[in-house]
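Scroll down for the structure; my scribbles are underneath it.
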There are 2 protein chains.
Amino acid sequence: MAEPLENEPAIASTIADTVCSKLQNAIVEGIIPAGSKISEPALANEFGISRGPLREALSRLEASNLIERKPNVGARVVTLTREHLVEIYLIRESLEGLAARQAAENMSDKDINELDALLEKHQQQIKQDQSYYQKEGDMDFHFRIIKGSKNSHLIDMFSNDLYHLIRLYRYQFGMVSKRVPRAFVEHGQIVDAIRQHDGELAQFLMSRHIRSSRINVEKMLDEHLALTD
Amino acid sequence: MAEPLENEPAIASTIADTVCSKLQNAIVEGIIPAGSKISEPALANEFGISRGPLREALSRLEASNLIERKPNVGARVVTLTREHLVEIYLIRESLEGLAARQAAENMSDKDINELDALLEKHQQQIKQDQSYYQKEGDMDFHFRIIKGSKNSHLIDMFSNDLYHLIRLYRYQFGMVSKRVPRAFVEHGQIVDAIRQHDGELAQFLMSRHIRSSRINVEKMLDEHLALTD
DNA sequence: TAAAGATAAGTTGTCAACAATATAGAGTTA
DNA sequence: TAACTCTATATTGTTGACAACTTATCTTTA
């Protein structure tokens, strides 16, 4: 299960780190429900730790936009709205377009081959079990390209700000779409553009890919649920 | 000096907040030099506070990318490099393009008039004293358009992640350019596009505006200094 | 009964001391 | 002299207690 990635430098040693990870997952999976209040004493008790490192963890969750804090009042898990989801999609459309462009310029042959292998792997998974591809596989692909941009600040923004938030929406809105085959084809096109080091094209394709995804999601939300109000 | 902006809701009440603000400015202005190590006991002593709220403030500075922390080792102010500056410009080119597009779609007439007034004010300032416009005025304009996008997540990303980092580079690289008149004209074009609610054009103009700025900065750095290595 | 004010309980913010880890320096050995 | 080890120091991570603030409850008054 542990892949032989060369330089995964070390493990997060501090308590705040591990608790932060656990809370991220708990929020994404809805174990701590969206919109619910977070009690520091209760949580600290539950984890068997003091309030110090817990507050440190909460700080990071706030930076990840998973919770909102008001001074002297406390922290709440963010509430999911259609508007926020659209905002995030628009930002992704913009930023991941840039990422694809820079990936086309900066990815090494080795990187690109690995990306190809991932695509291959996804093709297998789709035949067997679409759900994994939808849940995590798609995210894997996008994150790989973001890393491929070699833009450290961009990578940072995704890792810290957007990644878990995207997972949260995907998880809790239970997005299951008929777009999987189409999306997979689009992924292939993007990789082709990257292999030809055609940054402009890669940017265009990635932006359009995410735009299509957004429009699809908006449609789904309109049909299925009235989530916002 | 205090402008009558209607709903500046409240003041930051907690110690961590005020100390965070002070540290932001101290880092931006170079009072705490780039690359220097931060000693928690020393800083806490200096501010006359305990290490608790100081660490909270440091957490936020880390989220703003003004400092870097390693577990059990400590915090350092980020080091400025040409590569990082270019990365930030590329991100701005992408995100502020989106901001301009959404601003053209979402700004009210009142918003646009205020933006016009700001432009007018800047024209006066340029005649008298170019330096203010370069230091803060330009940032004011860009931030106003970001707010005008009404994209709360986008606004958040700038307020927390990018704003102070941009100020840091601008301050410490002492960017003084001959582009001020040209940049001012470009600002005018962008406002025109917004007034006509031409989102596509506004996006194009804003992206190109920042791209020009980036190219200018890269040229300056090549000529004047060998900052990176 | 409804509204306003006082009181009490609980939560968050802050502090100072303790534990665990990392760094610097002295001493030893090759 | 250079490299290594061990020790001492200092810094960071963590804890539990205290202070300040919010919120809910109860009492009082119109």
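The figures here come from the full heavy-atom set of this structure, side chains too, leaving out hydrogens, waters and symmetry mates. Just so we're on the same page: letters track the sequence lines, and every chain starts at 1.
- For B/R170, the salt bridge (Lys or Arg N to Asp or Glu O under 4.0 Å) criterion is met by B/D138, not counting sequence neighbours.
- For residues 147-157 of chain B, the salt bridge (Lys or Arg N to Asp or Glu O under 4.0 Å) pairs, not counting sequence neighbours, are B/D111-B/K150.
- For the pair A/R76 CZ and C/dT11 C1', the computed distance is 13 Å after rounding to whole Å.
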Fill in the blank from the handout: A correct 5'-to-3' footprint of nucleotides 12-21 of chain D, with B, S and - meaning base, sugar-phosphate only and no protein heavy atom under 4.0 Å, is BBBBB----S
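- If you measure from atom CG of A/L43 to atom P of C/dT12, you get 10 Å, rounded to the nearest angstrom.
- For residues 45-58 of chain B, every residue pair satisfying the salt bridge (Lys or Arg N to Asp or Glu O under 4.0 Å) rule, not counting sequence neighbours, is listed here: A/R55-B/E56, A/E56-B/R55, A/R69-B/E56, B/E40-B/R51, B/E40-B/R55, B/E56-B/R60.
- Residues satisfying the side-chain contact (heavy atoms from CB on, under 4.5 Å) criterion with B/A103, sequence neighbours excluded, are B/M107, B/I145, B/I194.
- Residues passing the side-chain contact (heavy atoms from CB on, under 4.5 Å) test with A/N25, sequence neighbours excluded: A/E29, A/R167.
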